[in-house]
Amino acid sequence: MLDYVWLVPLFPIIGAIINGIFGTKLSKKTVGVVACGVIGLSFLVSVLVFFSLLQLPPESRSFEKIIYTWIAAGDLKTTVGFLVDPLSMIMMLTVSGVSFLIHIYSVGYMHDDEGFKRYFTYLNLFVFSMLVLVCANNFLMMFVGWEGVGLCSYLLIGFWYQRKEPADAGKKAFVVNRIGDYGFLLAMMLIFVTFGTLNFKEVFNIAHYNFQVGSMVITAITLLLFVGATGKSAQIPLYTWLPDAMEGPTPVSALIHAATMVTAGVYMVVRCNVLFTLAPISLTVVAIIGVVTAVFTASIALAANDIKRVLAYSTISQLGYMFLACGVGAFSAGIFHLMTHAFFKALLFLGAGSVMHAMAGELDMRKMGALKSHMPRTYWTFLIATLAIAGIFPFAGFFSKDEILWNAFQKNTVLWVLGAGAALMTAFYMFRAVFMTFHGESRVDEEVAKHLHESPSVMTSPLVVLAILSAIGGFVGIPIIKGANVFHDFLAPVTGEHLAGSAKVTLTNLAYASSTAVSSGEAVHHPVGLEVLMMAISLAIALGGLGLAYYMYIKNPSLPKRLAEKFKLLYHLICNKYFVDEIYDFLFVNPIKRGSEILWTFFDVRVVDGMVNGSGRFVEFGSSVLKRIQTGYVQNYALSILVGIGAIIAYFLFM
Amino acid sequence: MNQLDFPILTLITFLPALGVIFIMLMNKEETSTIRWTAFMTTFINFLFSLPLFFYFNAGSTEMQFVEKASWIKEYGISYFVGIDGISLLLILLATFFAPICVVACWKDIKDKVKEFMICLLLLETGMIGVFVSLDLFLFYVFWEVMLIPMYLLIGVWGAPARRIYAAIKFFLFTMFGSLLMLVAILVLYFFNHSVTGEYTFNLLKLYELSIPLNIQTWLFLAFFLAFAIKVPMFPFHTWLPDAHTEAPTVGSVLLAAVLLKMGTYGFLRFSMPLFPVASHDFIPLISILAIIGIIYGALVSMVQKDLKRLVAFSSVSHLGFVMLGLFALNIQGVQGGLIQMINHGLSTGALFLIVGMIYERRHTRMIADFGGLSKVMPVFATFFMIVTLSSIGLPGLNGFVGEFLILIGTFKSNVVYAVFAATGVIFAAVYMLWMFQRVMFGEITKEENRNLKDLSLREIGVLVPILIFIFWIGLYPKTFLGKTEASVQHFLNEFNKKYEASIQKKDNTHAVNKTEELIVKK
């Protein structure tokens, strides 16, 4: 079955082609069935491939399928090829699985939209690109997927292109992503020049055997790659596009801007863990950017009133967590959080979409409240997701977040303190959202209130499935107990992290194993008691956030307002997202625009063309002077001949 | 070597000229017959050019399909044509675009149809002639021949307001460069005679000359000016926006798709092999001008209000990439530059066709006059989007293949150049998407746009063939890169060989002078 891995991305593109070309002739129902069907097939194949992979012994779970040679010139040879290993497997399953659920949800959500067919064409195209990204066996193929998801994100953010905001937001997303891609592109060139290949396995093997820890060139490569990651995964300083991306349809926010595409940067860092491990400086940068982003954007979410914006900032913050994990060398913890986050964040967005559906598109939480009784399914699933993201035992987020914090703690206490601070804020703003939306008094407009209803089952069933996953998904990665962290062990051949029991060094994973042997060895020596204590602390933090939100939004609903008045300046700053967009406009966008204007009107039109036209006018002027000599009178010409002869004679006589 | 035993290059070059004779015999009222004749001529010519591709021996580094006949014996002028991997794709590009252009202007040109088609066909002969000539004299003849129909296309059928200015500007710029080139050709010719005692314009023989560095530099500069204006490289580009803007649609298409490539082709075919040392010495200058062109073109594109002018400036940016790749002087760079010439032809050609299509409907090219067209023209929107993405260099479409190879090649030869050039990737996304957004997205603000008709079958037929190649090159570039690789490798080998030989010679003479000095001193 491994040989058929190419079917995984193939099905979605077939769907996109069918709906893209014949969509106008098909009924909405057929379009929906085709779109969901192909993703379902893709998921099915992923599962089959997964079982084939499990048949293999852990050390040989790495399979490459080359389709054909793509771009080749001289010693450069790149292929269209796929790589199946535990890492890409987890990504494939997560991407195709979550996509499938969101496709089904979308059938209900987008039902009355006139762009129904266009929507599903783009959505299928997105899944195709995302699967190419995660299945690629080389950097260039990954870049194909990388740009492909960027394009689909652009198209889907700007889906309602007739309004200005979505169109602007789409363009902003694409351009900011391109700035990141610039880093990726340079990294690829440097990789090719350094290693002579772009194939993952070859690059990682050469890097492992021929380069020292701290090598300059590897540090440069990894930093450039990370620039790419900050673009796609919305980290400081390139995160500003993601909040605006909420202009797109909500299922798109769930799929692209929460569960899958934005995690591509994390995936890329983990994929290149061999390189990053060789570059401690880069790892430090990754950890710092990650944790600072986590704290910074969580603080913006504290005061946001638009439910989707809260979730958007929360996404950025959670992605920061994942990078923090990578930065402290806990790559599998990063991927673990990526997976659980995909479940609960997709669920949160879909839940928000369900609320919007009921509220005629209203996003402002100040105009919600007490929706619990009107939409129980949405409420309960949303609550489960909130418990998960807040990190309450035993929901999925608890396990993944705790693993990250524990790893950060071992590395550096400051990182842990910041991470824990972000966790506190996360619990607070998520429960704040729950309380403002579903509890308390109803602040819903009367007109809207009449039509409040639970969403149809085509929308709520995906919610239920995701809720189950959010609730129990964490149990694949139980800490402390030996052998219970199945997730970690499954990924070990790729990430090189080994638990005491499973440290089997074999030929294929030798490359990865020894590089991290030291750090994993350390991990084992920590007393179990400390780890349990840290868990208790992080649980306490989550509950603290919950309690604070309860106190402020249920017990004393007037308190937030008073606080806002008291700390006016701070509140103002946070409400305006620290004015980062305005600063960027001032520093980059406007100068470039104005500068270009000057280049054109001054340099091009005045200087260059001025010279051209000037030389033309000079000739014209010259001839207008010279033409006076051509009088047409014979005597004038005779005179000039005479003068000429005289001059010649004079020359010969006197010189 | 001529594997077909048939003068196929002559046929392809002069078939359009034959069509001209037929059209001349027709009554100018019979516009339909004239159009059909022009279409059949160009289309059959395209079919005739296909065997070039299929019979082309990709493994050989020699000139292929060669024909040679003495023309003016006393002066060593011959009719000498042949192609290698460097010219193959460019000829196909020309024969491919000719029928597309005839169909594209079917409804657009109503005035002086007969003369228009005559110009178009003559232009095709000129373009192909430039790419097949292996005799410098013959090359120069075609180079000049092709100027005249283009001049007329702009001057007669252009947008009334500024067409004369644009046409004269185009003509003078090109003429200025090519006159200096003529002088250089003559110097080369006489220099060759002084060395070998033979008068010849045969390019392959002139390749074997080793020219002293100071002469090389001057000759290189003369050729450089001619080609740099044609490319156009910054700062010789200002004729291009005017010519593009004022030219009729198909004039812009051919100008962008084929004519500009004569400049870049000229560097590969003439400047670099003839003057390797000078070429090598000028790498920094040319690379820096190319990079300025990439960034400058992109920035200035961004602030254009006229669609055609925007696309014209984007050409300056794209051709900067091509020049950078060629002067990276390694296999990735040159291969990338070569395929990017084709890519630019396809995507910019298609962009001008697309702009022409809305111009036909609205008679304006101002971005501000549009907005919200996606709503009324969904099919058009799809085509426009794909072509825009191709121009931006989205992986999977053609533009990426060229850009990536060029950047890899540049990076190998000079990291700093690559770092600066790659910023063009960001800017391209900015100006193209912003333009697309203003034209296609948003609400319809102008009443006139509310009832625009979507593309007709004819217009779809014009764009689909281009789109096929946009995807083909993007997904499976091997078909094309495979044909050119051997020739490019040969070109590079020869270049390096000659360059090293001249350097050694310089060192030797230097050494000889030194010893002589020593002897004298003693």
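So that the names make sense, note that chain A is the first sequence line, chain B the second, and so on, each numbered from 1. Remember, predicted model here, so these are calculated numbers, not experimental data.
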At a heavy-atom separation under 4.5 Å, does [X] approach chain A through its side chain, its backbone, both, or neither?
X        : value
B:Val419 : both
B:Glu443 : both
B:Leu405 : side chain
B:Ile444 : neither
B:Thr410 : neither
B:Arg309 : side chain

Is the [X] to [Y] ring centre distance short of 6.0 Å?
X        : Y        : value
B:Trp472 : B:Phe480 : yes
B:Phe236 : B:Phe173 : no
B:Tyr431 : B:Phe427 : no

What residue, out of [options], has the most heavy-atom pairs lying under 4.5 Å from chain A?
options                      : result
B:Leu475, B:Val401, B:Ile339 : B:Leu475
B:Trp434, B:Phe436, B:Phe411 : B:Phe411
B:Ser374, B:Pro235, B:Gly396 : B:Ser374
B:Gln335, B:Met440, B:Gln437 : B:Gln437
B:Ile168, B:Val488, B:Ile408 : B:Ile408
B:Leu433, B:Leu394, B:Thr484 : B:Leu433

What are the two closest non-hydrogen atoms of [X] and [Y], and how far apart are they?
X        : Y        : value
B:Leu329 : B:Val334 : CA-CG2, 4.3 Å
B:Ala298 : B:Ser317 : N-CB, 3.9 Å
B:Gln340 : B:Gly402 : OE1-CA, 3.2 Å
B:Ala328 : B:Gly333 : CB-CA, 4.3 Å
A:Ala72  : B:Glu485 : O-OE1, 4.0 Å
B:Gln332 : A:Ala73  : NE2-O, 2.9 Å

Open item on the list: With a strict 4.5 Å heavy-atom criterion, list every residue of residues 237-245 of chain B that contacts chain A, or say none.
Closed with: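 Contacts with chain A: B:His237, B:Thr238, B:Asp242.
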Task: Toward chain A: residues of residues 375-389 of chain B with heavy atoms under 4.5 Å - done: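 The list, in residue order, reads B:Lys375, B:Met385, B:Leu389.
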- [ ] Please assess A:Lys28 against A:Asp113 for the test salt bridge (charged side-chain N to carboxylate O under 4.0 Å, His left out), listing each intermediate value before the final yes or no.
- [x] CA-CA 10 Å; A:Lys28 272 192 180 179; A:Asp113 198 286; over 6 Å; no
Open item on the list: Does A:Lys164 have more than 12 heavy atoms from other residues, nucleotides or ligands lying within 6.0 Å of its NZ?
Closed with: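 It does not: A:Lys164 NZ has 12 such atoms or fewer within range.
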Open item on the list: Please determine whether the number of non-hydrogen atoms from other residues, nucleotides or ligands lying under 6.0 Å from atom CZ of A:Arg594 exceeds 12.
Closed with: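 Count not over threshold, so no.
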Could you look at [X] and say if it's the side chain, the backbone, both or neither that has a heavy atom under 4.5 Å from chain B?
X        : result
A:Ile67  : neither
A:Asp181 : neither
A:Ile179 : both
A:Leu151 : side chain

TODO: Could you tell me whether a side-chain N or O of A:Trp6 sits under 3.5 Å from a main-chain N or O of A:Gly81, the two making a donor and an acceptor?
DONE: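 Judged by distance alone, no pair lies under 3.5 Å.
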- [ ] Mind running side-chain hydrogen bond (donor to acceptor under 3.5 Å, both in side chains) on B:Ser413 and B:Asn330 for me, showing each step along the way?
- [x] CA-CA 8 Å; B:Ser413 64; B:Asn330 53 38; 4.5 Å; no
Open item on the list: Could you work out, with side chain to side chain contact (heavy atoms under 4.5 Å, CB included) as the rule, every residue matching B:Ala429, not counting sequence neighbours?
Closed with: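 Side chain to side chain contact (heavy atoms under 4.5 Å, CB included) list for B:Ala429, sorted by chain: A:Phe174, A:Arg178, B:Ile392.
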Open item on the list: If the contact rule is any heavy atom under 4.5 Å from chain B, which residues of residues 121-146 of chain A qualify, in numerical order?
Closed with: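 Listed by number: A:Leu140, A:Phe143, A:Val144.
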TODO: Please say whether the positively charged group of B:Arg438, taken as NZ for Lys or CZ for Arg, lies over the ring of B:Phe370, i.e. under 6.0 angstrom from the six-membered ring centre and within 45 degrees of the axis.
DONE: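 Pair B:Arg438/B:Phe370 does not count as cation-pi.
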TODO: Could you label the plane-to-plane angle of the B:Phe495 and B:Phe491 rings as parallel, tilted or perpendicular, counting under 30° as parallel and over 60° as perpendicular?
DONE: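 Rings of B:Phe495 and B:Phe491: tilted, as their planes differ by 30° to 60°.
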- [ ] Flag the one option from A:Leu190, A:Val175, A:Asn177 with the top tally of heavy-atom pairs under 4.5 Å to chain B.
- [x]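 Most heavy-atom pairs within the cutoff with chain B belong to A:Leu190.
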Open item on the list: Just verifying a value: how many Å separate A:Leu76 CG and B:Leu481 CG, rounded to the nearest 0.5 Å?
Closed with: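 Here the rounded value is 10.0 Å.
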